Q: 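I have a structure here, written as structure tokens, and I will follow up with some questions on it.
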Amino acid sequence: MATKRKHGRQPIPSGAPPAEDVEMKSDGDEDSDEDFTEIDVSFEMFDPQPAVDFHGLKTLLRQLLDIDNTLFDLSGLANLILAQPLLGTTVKVDTNEGDPYAFLTVLNLTRREQEKEWARVARSLREYILQKAKSANDDGKMYNLLHPLLPVQENLVGAEQKCVGVILTERLLNVPTEVTPPMYKMMLEEVQWAIEDNEPYNFSHYLILSKTYTEIESALDAEGSDDDDDHHTTATKPSQQQPQSKKFKSQLKQKAAPPPPPQKQKTKAAKNSNKKKEIFYFHPEDELIQKNATAWISYRYTKEDDLVAADARRTFSDMGIAPQGHMVLVTKEQLEETIGRLENAFKP
């Protein structure tokens, strides 16, 4: 198999243990701290492997891009990641032959020597990012920063011009946050080795593409007393990734999103609808990275359907959840500094 530059197959580094305890509450008593099963899982890190990782990466990309995944050629995007096997990391259990449980990579979306098909895939992602940045409610800050770093025409990037590396990272629900700091640290090492090999990865900035969510009132609650029969047959979309595992629930917090539309009947959720919406993080590390960032935005998905999404993703409360896209822009120096904070915050 292909090996990582200078470090090949890797167990979870930076002092993290090779095994992780995953607590699973029993159905009989969800509130009890005594009824659980411990499962030991050994995580190891590998280079992206074109022969085995294609379908696993597509699944994780679909999860990362949420409902807007249909706007992209996921096969092409997975191939773009696999075309740079010495840059990026997958996390697997026991063997390199299985699907990845997590991945992290960085893409140069403006490199001029890309093949025609890869250039098309890179262009679609670049245009999507710029479109969301332009429509953000931040007085144009993110767009003005990104536009010169992500030029729409590939031939605008020169050797000395600043450019941005787009970081894509996702993991399955119960994969612990502790796998993330080593992946970021290894990525920066590999970028430096690539620069020494005269490859086009001399990034001045990094843009982390992620997702967050807000709680919103469910249409079922708002109209419950008027149309009970109708609500039993309301069509919903399949539920996607849950907002967080129980282990990291206390770490996911923040703010902001548009209030839900007025409803016919006020419920407990409706009474709180005038309050500023709090942003919650699917990835706890995003909140820490954001604190040391140059800019960040949350944005609505292009294919978002508020009412259906709210009912399809009910949490164990009065509220539904509304996933949204999230971007965090950091300089190279900011990311280097933040990795140390991640290692301290997410110790095994």
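Because the structure is a prediction, the values reported are computed rather than measured.
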Q: Is there a side-chain contact (heavy atoms from CB on, under 4.5 Å) between Q324 and R300 once you walk through the steps?
A: CA-CA 5 Å; Q324 58 188 8; R300 295 171 69 106; 5.5 Å; no
Q: Are K185 and E189 within salt-bridge range, i.e. N to O under 4.0 Å?
A: no
Q: Side chains of K332 and V191: does their closest heavy-atom pair fall under 4.5 Å?
A: no
Q: Is it the case that one hydrophobic cluster holds both V52 and L57, taking links as side-chain heavy atoms less than 4.5 Å apart, direct or via other members?
A: no
Q: Applying side-chain hydrogen bond (donor to acceptor under 3.5 Å, both in side chains) to K132 and T302, what does each step give before you reach the verdict?
A: CA-CA 9 Å; K132 295 304 180 184; T302 302; 2.7 Å; yes
Q: Of all heavy-atom pairs between N108 and P200, which one has the smallest distance, and what is that distance?
A: ND2-O, 2.7 Å
Q: Between E44 and V93, is there a donor-acceptor pair closer than 3.5 Å when you use the side chain of the first and the backbone of the second?
A: no
Q: So, taking the atom named CG in L107 and the one named CH2 in W118, what distance separates them when rounded to the nearest 0.5 Å?
A: 12.0 Å
Q: Restricting to side chain to side chain contact (heavy atoms under 4.5 Å, CB included), what partner residues turn up for L65, sequence neighbours left out?
A: N69, F72, L74, L77, L209
Q: Roughly how far, to the nearest 0.5 Å, is the CG atom of L329 from the CG atom of L150?
A: 9.0 Å
Q: Could I get the full list of side chain to side chain contact (heavy atoms under 4.5 Å, CB included) partners for A102, not counting sequence neighbours?
A: V91, R171, V175, M183
Q: Using ring pair (Phe, Tyr, Trp, His ring centres under 6.0 Å) as the criterion, list what pairs up with Y184, not counting sequence neighbours.
A: none
Q: Do the side chains of L188 and L335 get nearer than 4.5 Å, heavy atoms only?
A: yes
Q: Where is the tightest heavy-atom contact between Y213 and P323, given as atom of each residue plus distance?
A: CB-CA, 3.8 Å
Q: With sequence neighbours left out, what residues match K92 under side-chain hydrogen bond (donor to acceptor under 3.5 Å, both in side chains)?
A: D53, N96
Q: What verdict does the side-chain contact (heavy atoms from CB on, under 4.5 Å) test give for Q49 and T90, after you've listed the backbone C-alpha separation in whole Å, the side-chain angles of each residue and the deciding distance to 0.1 Å?
A: CA-CA 9 Å; Q49 300 294 312; T90 61; 5.9 Å; no
Q: Over all heavy atoms of both residues, which pair between A194 and Y201 is shortest? Give the atoms and the distance, please.
A: CB-CD1, 3.7 Å
Q: Nearest heavy-atom pair of P48 and G88: which atoms, and what distance?
A: CD-O, 3.3 Å
Q: For N144, check side-chain hydrogen bond (donor to acceptor under 3.5 Å, both in side chains) against everything at least two apart and list the hits.
A: none
Q: Given K211 and D286, is the salt bridge (Lys or Arg N to Asp or Glu O under 4.0 Å) satisfied, shown in steps?
A: CA-CA 9 Å; K211 57 191 288 189; D286 288 347; over 6 Å; no
Q: Does either side chain, that of Q84 or that of T105, offer a donor lying less than 3.5 Å from an acceptor on the other one?
A: yes
Q: Here's a test for you: under side chain to side chain contact (heavy atoms under 4.5 Å, CB included), which of V166, V106, I167 qualifies with I208?
A: I167
Q: Can any side-chain N or O of D138 pair as donor or acceptor with the backbone N or O of G140 at less than 3.5 Å?
A: yes
Q: Does the side-chain hydrogen bond (donor to acceptor under 3.5 Å, both in side chains) test come out yes or no for H326 and S210, once each step is laid out?
A: CA-CA 5 Å; H326 196 70; S210 190; over 6 Å; no
Q: Starting from the C-alpha separation in whole Å, work towards a yes-or-no answer on side-chain contact (heavy atoms from CB on, under 4.5 Å) for I129 and R126.
A: CA-CA 5 Å; I129 289 171; R126 183 167 70 252; 5.8 Å; no
Q: Please list, chain by chain and in numerical order, all residues satisfying ring pair (Phe, Tyr, Trp, His ring centres under 6.0 Å) with Y101, sequence neighbours excluded.
A: none
Q: Would you please name every residue forming a ring pair (Phe, Tyr, Trp, His ring centres under 6.0 Å) with Y143, sequence neighbours left out?
A: H147
Q: Among residues at least two apart in sequence or on other chains, which ones pass side-chain hydrogen bond (donor to acceptor under 3.5 Å, both in side chains) with Y128?
A: D68
Q: Do we see a donor-acceptor contact under 3.5 Å between the side chains of T177 and E285?
A: no
Q: Mind checking side chain to side chain contact (heavy atoms under 4.5 Å, CB included) for K347 and listing every partner two or more places apart, or none if nothing turns up?
A: N344
Q: Do L109 and V164 have side-chain heavy atoms sitting under 4.5 Å apart?
A: no
Q: Would you mind telling me which of Q334, H205, K141 makes a side-chain hydrogen bond (donor to acceptor under 3.5 Å, both in side chains) with T294?
A: Q334
Q: Any chance you could lay out the side-chain contact (heavy atoms from CB on, under 4.5 Å) test for E337 and R341, step after step, and finish with the verdict?
A: CA-CA 7 Å; E337 179 183 348; R341 297 180 183 179; 2.6 Å; yes
Q: Could you check whether any side-chain heavy atom of L61 comes within less than 4.5 Å of a side-chain heavy atom of F103, counting everything from C-beta outward?
A: yes
Q: To check you understand the geometry: which heavy-atom pair defines the closest contact between N202 and C163, and what is its length?
A: O-SG, 3.8 Å
Q: Quick one: do K303 and D66 make a salt bridge, cutoff under 4.0 Å?
A: no
Q: Would you say that W296 contacts K291 through its side chain, given a criterion of any heavy-atom pair below 4.5 Å between the two side chains?
A: no
Q: Which atom names give the shortest non-hydrogen contact between F203 and G165, and what distance separates them?
A: CD2-N, 3.3 Å
Q: Can you measure from CE (M186) to CD1 (I339) and round to the nearest 0.5 angstrom?
A: 11.5 Å
Q: Applying side chain to side chain contact (heavy atoms under 4.5 Å, CB included), name anything that partners D99, two or more places apart in sequence or on another chain.
A: none
Q: Got a sec, which residues hit ring pair (Phe, Tyr, Trp, His ring centres under 6.0 Å) with F54, two or more places apart in sequence or on another chain?
A: none
Q: Is L146 close to L130 at the side-chain level, that is, under 4.5 Å between some pair of heavy atoms?
A: yes
Q: With rounding to the nearest 0.5 Å, note down the distance linking CG in L64 to OG1 in T59.
A: 12.5 Å
Q: Going by side-chain hydrogen bond (donor to acceptor under 3.5 Å, both in side chains), name the residues that satisfy it together with E336, two or more places apart in sequence or in a different chain.
A: none
Q: Quick one: are I321 and T214 in side-chain contact, heavy atoms under 4.5 Å?
A: no
Q: Taking the side chain as everything from C-beta on, heavy atoms only, tell me whether L168 gets closer than 4.5 Å to L104.
A: no
